[in-house]
Structures are given as structure tokens and as C-alpha cells.
Amino acid sequence: MAEHRYDPKEIEPRWQQVWADERTWEVSNADADPSHKSYVLEMLPYPSGEPHIGHLKNYSIGDAVAHFHRRAGRTVLHPMGYDAFGLPAENNAIKTGVHPRDATQKAIESFQRQFHEWGMSIDWSREFGTHEPRYYRWTQWIFLQLFQHGLAYRKDAAVKWCPNDATVLANEQVVDGHCERCGAEVEARQLEQWFFRITDYADRLLDDLDGISWPEHVKTMQRNWIGRSEGAEVTFRCEELAIDYPVFTTRPDTLFGATFFVMAPEHPDVERLAAGTGQEDAVREYVNHAMGESVEERGAADKPKTGVFLGRHVVNPVNGESLPMYVADYVLMEYGTGAIMAVPGHDERDFAFAQAYDLPVRRVVADQDPEGELPYTGDGPLMNSHPDFDGMHNREALERIVDWLDREGKGHKSINYRLRDWLVSRQRYWGCPIPIVHCDQCGMVPVPEEQLPVVLPDVTDYKPKGKSPLAAAEAWVRVPCPSCGGDARRETDTMDTFVDSSWYFLRYCDATNDDQAWDPSVVNRWMSVDQYIGGVEHAILHLLYARFFTKALADLGHLDVQEPFARLFTQGMITKDGAKMSKSKGNVVSPAALVERYGADTARCYILFIGPPDQDADWSDTGVEGMHRFLGRLWRTCATAADELPEAPVPDEPDADALRIVRKAHWAIDKVTNDLDQRFAFNTAIAAVMELLNEVTPEKRGAADAGSVRFALATAASLLFPFAPHVTTDAYERLTGRRVWEEPWPPADPRYLEADTFELVVQVNGKVRDRVEAPTGASEQALLELARAQPNVQAHIDGKQVVKEIVVPGKLVNVVVRG
RNA sequence: GCCCGGGUGGCGGAACGGUAGACGCGGAGGCCUCAAAAGCCUCUGCCCUUCGGGGCGUGUGGGUUCGAGUCCCACCCCGGGUACCA
């Protein structure tokens, strides 16, 4: 008899070849029927170097979901592509002179090879890179759609500038005052840039979060980022200069407590306010200093409050009081109106400023203790305000005061957002060109659709110089104006790469369409993505932008869905020895090395077995060995059984040993199905298959008949298929002659889920005192009698008074005694 | 500071308010072998034991309950997000 040895190096390529030859995972748009389609998508990779362990986890999760959905009878769209534009390839080009396209292409090939070696069930007919003209042609088309509908615009604004990458950044790309990418300290600059009007969608982006199945913490992060605040805009007049200054406040109920007024250093009126007051020099000096501060310095929370008197006053509209005006850097120009009313009694920042500059503090909201410590930011009845409002709860007074202001023309309800418009232009080379031509006569002219794509030209110098390297491609820049035909120049900025990834999920639906970005009738049938899977680091940027694009494109009539990702799963990080893997730490686990040593099935299974996939997990080298042993045992047991045991059906009345393993098989079906369907509990699903196999090994299965053993083993292979597709396919074929991916997901037979007897747990005063075999359908009375008959139970209740008896049918009995 | 997660054996982790520690790793002993590798079997939370069993155990302190890792209150520690947003 032939010795069976588990050899992934032989098994895995053999089945990968079958899947490639037969294009097993391709789906036709004709089969996209909303009643049974499933769109399973993992975030597309940025192709740089080799795939890392996080990719393996991401795509192992996605592939398991895709397989499970397929075998549950759904038509699964499971595509793959590459987010290929971006700075790392360009920075590499500056260093080495290698064209970013070549470096990117090399990385893409490495990703492609490994995805194949991992056995991922991907529809390769829909593959693309976002750097290919056949893709970015449509990125440009979308830009023009937004431009033509006023959602893309150019304006001069204070923007965040990364001096190292020599480009502007979106607000979302600035982390603690530093460039998200390179870590350099970000500067503020006044520049004319391109923006997308995402703020128009703030309310919808907020409201529609309620309708999607996303992790609550991701929704919370988006809500905080959008930062909707309800309040009022209130007008304070500077009589000396006859200028009205509106301020935004969320606490109009504290208007009577305002004792001074503060403007941001960037406020355009600061200089003219100070003019002629004797404060000019002090103000100018302060403003210059504030402007010179880095974003990080200025943003430090514990920074002492500083500011300078402007020499002017404004009138508080509710009581006519005259309030001194200050300029202080704790007020931000980009939020609200760039000016605030200061209520030191009920705002910590205003209080700190008042302390520093010896300004009056007035309590206008009573605390539990009316003379309690200030500042008090909580609620309570108003005091020291106005006879009409004193004693009224501040939340009610808030409404009344705003109504009053409105009637008097001094203010009105208002809503403010933290969200800013999305700055999308970049002064860099390796990105999608913005399809706009600047003409002295006609202004900004969109490149006509039929001339798309505007192809990214080759340049020799990628180095950023404060303007795009494309500006050096003179022959490319100079074009006739599409409108008047006169001399004109192309826009030389490129788009933020987040633009590329904000619509790729739409292109997958109709990836080979050369006539349009997509056919709406096709997209409407595949979308929304049923299950999206990726890292939580994209909780704000990518996910917010993609939602915005989807809504904007829907408004323009190009698709019918409002939300791109119906369900989201965010995976945890894989660490090594508790630390993030990095080349500098030398603790990188390479998927390629893993697959080489153990095979893809082991690598994929272990990464899912290691713990709940949404949590961080620490890599263990010995843990992988264990998984490899398990897969080897599974394959060997199946292969041997296929050779040695005759083919036979499961008997109608299996004997005791057979019944045990058939029951275990159905238990495992039930468990794995639930773990996959209801939760993302891959770790416990795999553990259930391990338990099943442990019952069916030759040493453990006793006298079970061949049919029952074959059934249990085939079931184990079938259930493990979504995680370890090669070894299970091979084992299943040996046992049944059929292809497991063509088999429907097995149903659990309820007849086998419940046994004739169960183990009754007997407690006395909540402590387990015995366990005893009991018939499944026994009455409560019968269970009680059985329980009390046990000697050890007797010993614990003997001589004591039975106070109460609890019976949980099918589970336990608890006898409560006293004395 | 605020908002989320999370604290369970030597380790990763299981556990509808009902047997805490499934499954795996690691460890101990054994089988097979001339020997090894591979494989297989048994045991493995801590303490006590007359070997029947008993006591203690899920970050800490309270509470609810016949019964709490699970629910409630207060607190401690770790991780993440966010922070002059008026």
C-alpha cells in the first residue's frame, strides 16, 4: 500500500492550474442578479515591493467569504486590482532614476504571482492598475463630471504643505501636524489649488451612516471627522468702525456671560482694527509670530493662552455691553467665522485666556452648587442673565434666545462642520493628470471627453520643485485651447491618489468597457459591495472619499446606489513579538517564505486561526507548525480512507461509533456555518473542523462503518475548503470523485444535532457536584430525582434543608440548601 | 481630557447569565525505531488529598441572581482614535 505524504508543493500548483485553465472564478455580468449576487471586495493593494503579512490576512479573509458565498449559491464578484499611482514609487524614481511605471510594474507582477500562489479565487478578467490609461481615462472623466457640476473647483486658500514631499496635502493627510506619508512637519501656505466640494455632502455622509453595517467605531470616527455642531450665528457690532462680526457658537445660552471677544491671527480685519489705536505694533508682532508657528506648535493642547488687545470693542447684542476685542492664536480661522465670543465662566479655553489676561469671569449657568468652581461646562438653570431667562433651564433658554436674536435680526440658528473640502491637486509626477487647460481668453477649459485620456508624459526629472515635474514637459504643456483654439497651457498638477481609489469598485463591475466608465445597468446590479474588507487605517480617508464619490456620481445620474459598502469588516494587525513588523526591526514574516516552506493552505489557515480577525494578533512560528501538522493529518487521513475504505453511503441506522462521528460532522457543519455566516469567527470555525477530525482518525473512530467515516472526512474537507482550498479540494476529490467548489454548502441535519441523552450537570448551591447521563426528553421531576440520587449530591444536601430547586432542561439541576 | 476596544492557564485564545479554560502552541511521560526524523497515545490552571474528593481561581472592590468571565456601580492597567472645532 502506498505511503501517503502531504506534499503542498505538488497539490497546490496542480489545482491552481485547474482554476486558471478553467477560469473557475470568472463571473459574467449577465449573471449579476441582485437576488443572488454577492460582491466581495478587499481593499485593493498599493503595489510596492512584495505583499506583506497584512495582505495575506486581508485576502485570506476575503477569499474565505467569497468561497462561502459561492457555495451558498450566490454569484460572487471577487475582483482584484492595484492602486498604482503614488509617492513611494516616485520617491524611488528620484533616488534610483528608475521610472515609477517600471518599479510599479515589477511590484504588480510580484503581487500577481503571489495571489496565484495563495490560490485566491479572483476573477482575473477584471484586473487593472489605476495607473493604466484605460483606467485613469475614466478618473479624468469623473473629474470633469464633478467640474461641470460645480463639485470640483479651484480656489486660493491656506493649505497644508509638506516641505519634504514638496506638495500640498489634504487635511486628512496631516497627522498631528506632520505629513502622514513622510513624517515631515507640515507648513501653512497660501496657494491656489483644486478642491472637491465634499462639504456639500456633510449631512448625507453623516445621516447615511445609520443605514450601513459597519463597525461602530469606524462610524464614530467618520462622525467625529465630519464634526457637525448645531448652534447659532450671532452678530457682534464694532461701532467704532461700523462693522458687524458674526460668530458661531454652540452655546448661545451663555451669551450673557460673554466678557470679551477674540479673533484669529489670520482674520483679514485684524490689522485694520488695530490701526489708529496705538496697538498696531503689538498686534503686528503677535500676528507675525503666530503665523510663523508650525501647525504642531500651534495645535499643542497644553499650550499657554496668548493674545493681544486689538484696541477696539464690540457690542454684545443681548445686553448692549461693550466687550474688548483680542487677537489670539487659540482661535482658528478655518472653523466658524474666525472670531468668537468668549465666555470664560463656561468654556475652559476662554477661562484660561481670562486668567492669563485678568479679564472678568461671569457665571450665567447654575451648577448643583450655584457657587461651584468655574469654568462650568454642564447644564443648569440660567442666572445673572436677564429677567426673562433667569431660572430657566439653559437648554430651553438656548432656543428662546436664538428665537429672540432671529426676531431682532441679530442672529439665527446655524450648523457648522469640522469637515473641509477635499484638496485634490498635488505638485507631483506619478499621478493622474488633471484634464484641464488654462487659456488666457477662456479661463479653465475642460479637455473634451473624446480627447481623454490626457496621458501622463514621460519626464526625465521627477524631483519636486514646488511645482509639478510635469511643468517641465513643455511640449506636453502647450496645447491649443479646446474652446478658442488659441495658445493655452495644460494643468500640470496631478490628482491625489485617493481619487483613484474612490471609484475602483465601480470599474470592477464593468472593467473592460471602452465606451464608458461603466454601464449603469451593470453597476446597479452588482453594487453595493456586500462585504468590504480592509485595514482600519482607512476608516476616515478612503472610506469617506469613496462614499462621497458614490453619492456625487449617483446625483449625476451614473448609478443608483447611495452607499458603496453595505457591510464593512476591519481586520486587526499582525504583530511579531508584540511589535509592528518592520524592516528596521528585522521582525518581518514574509508570506513568500511561509508559502515556500509550508504551502499556501497552512499560511492562510494559520493566519485565520491565530485569533479573532478584527483584533491584532501576534505571530507564532510554532503555531504555524501546528497548523501544518493538522492539514497533513487531515489530508493523510482522507487519502488513506479513500484508498482503503470501500465506497458506501451513510447507513440509515449507524451503530454507536458511527453515530458519534456522524453527529460530530453535523455539529461541525452547524458550527462552521454559524461562525462564517453570523460572525467573522474563522478561528473557532477552524477549531471545529479540528475537533471533527480528532474524532475520525483511525485511532478514534472505532468500529464506525466505511460510509460514515467517508462522510465525516469529506465533510471536514468541505467545511475547511474556504480557508485551505487546495488540500481540501484534493482530499475531497479522492473521497468523492467530485470537486468541492462545485458542491453546495452542506446542510446540518437536525436529526443528528441532538442526541438521545445528555450530560446533566448537578449543582448544589451553584457548585458542580456531579455529572450524570440523562435522557434528552426527561421531565423536570425525573431530572431532579436523578440528580438527588447521586451519592456525591446526597453528601452535600444530607442533613440540610432544601430551599429551592432549579431545573434547566437539557442542561443542569441546581439544588439550593440551607443549614 | 473626551470617545472606542481590551484585561481569562506558561502562551495564542474558547465560552446563548448555566460544567471556565474548546481548539492550538509549549511542556511531561509513553509507543514505534538499531537509532533518529516523522507519526501515534496519555497527562497538563493552582493548592490540598486517606485518591472518594475538597478548596481557590477570568485586572481590583462592591452589587443583582438559585447561579456572574458574561449584567449593574466604582476604580486600576494596556491598546487605538481624537483633541484649542467655540
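Numbered from 1 within each chain, the chains take letters A, B, ... in sequence-line order. Model, not experiment: these values are computed from the prediction.
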**OP:** Could you say whether A/Arg771 or A/Leu332 is positioned toward the 5' end of RNA chain B, judged by the nucleotide with the nearest heavy atom to each?
**Re:** A/Arg771

Subject >> Short side-chain N/O contact to B/rA83 OP1/OP2 from A/Arg418, under 4.0 Å >> reply: yes

Subject >> B/rA86 phosphate, OP1 or OP2, under 4.0 Å from A/Ser229 side-chain N/O >> reply: yes

Subject >> Residues forming a salt bridge (charged side-chain N to carboxylate O under 4.0 Å, His left out) with A/Glu266, sequence neighbours excluded >> reply: A/Arg298

Original post:
Is A/Asn683 touching bases, backbone alone, or none of the nucleic acid, heavy atoms closer than 4.0 Å?
Top reply: sugar-phosphate

Original post:
Does A/Lys767 have a side-chain nitrogen or oxygen under 4.0 Å from the phosphate oxygens OP1 or OP2 of B/rC56?
Top reply: yes

Original post:
Any side-chain N or O of A/Arg629 under 4.0 Å from OP1/OP2 of B/rA38?
Top reply: no

Original post:
Using a cut-off of less than 4.0 Å, is there contact between a side-chain N or O of A/Asn694 and OP1 or OP2 of B/rG24?
Top reply: yes

Original post:
Does a nitrogen or oxygen in the side chain of A/Arg679 sit under 4.0 Å from OP1 or OP2 of B/rA15?
Top reply: yes

Original post:
Strictly under 6.0 Å, is that where the ring centroids of A/Tyr6 and A/His628 end up?
Top reply: yes

Original post:
Side-chain N or O of A/Asn792 less than 4.0 angstrom from OP1 or OP2 on B/rG54?
Top reply: yes

Subject >> N/O (side chain, A/His796) to phosphate O (OP1/OP2, B/rG54) under 4.0 Å >> reply: yes

Subject >> Aromatic plane relationship, A/Phe723 with A/Phe682 - under 30° parallel, 30 to 60° tilted, over 60° perpendicular >> reply: perpendicular

**OP:** Could you check if a side-chain atom of A/Leu255 sits within less than 4.5 angstrom of a side-chain atom of A/Phe236, using non-hydrogen atoms only?
**Re:** yes

Subject >> Pairing pattern in dot-bracket form [Watson-Crick, G-U; both distances under 3.5 Å; | = partner strand] for RNA chain B >> reply: (((((((..(((.....[....)))((((((.......))))))((((....))))..(((((..]....))))))))))))....

**OP:** Could you note down all residue pairs passing salt bridge (charged side-chain N to carboxylate O under 4.0 Å, His left out) where residues 665-685 of chain A supplies at least one of them, sequence neighbours left out?
**Re:** A/Lys671-A/Asp675, A/Asp675-A/Arg679

**OP:** Would you please indicate if the ring centroids of A/Phe609 and A/Phe630 are separated by under 6.0 Å?
**Re:** no

Subject >> Upstream residue (5' side of RNA chain B) when A/Phe609 and A/Glu216 are each assigned their closest nucleotide >> reply: A/Glu216

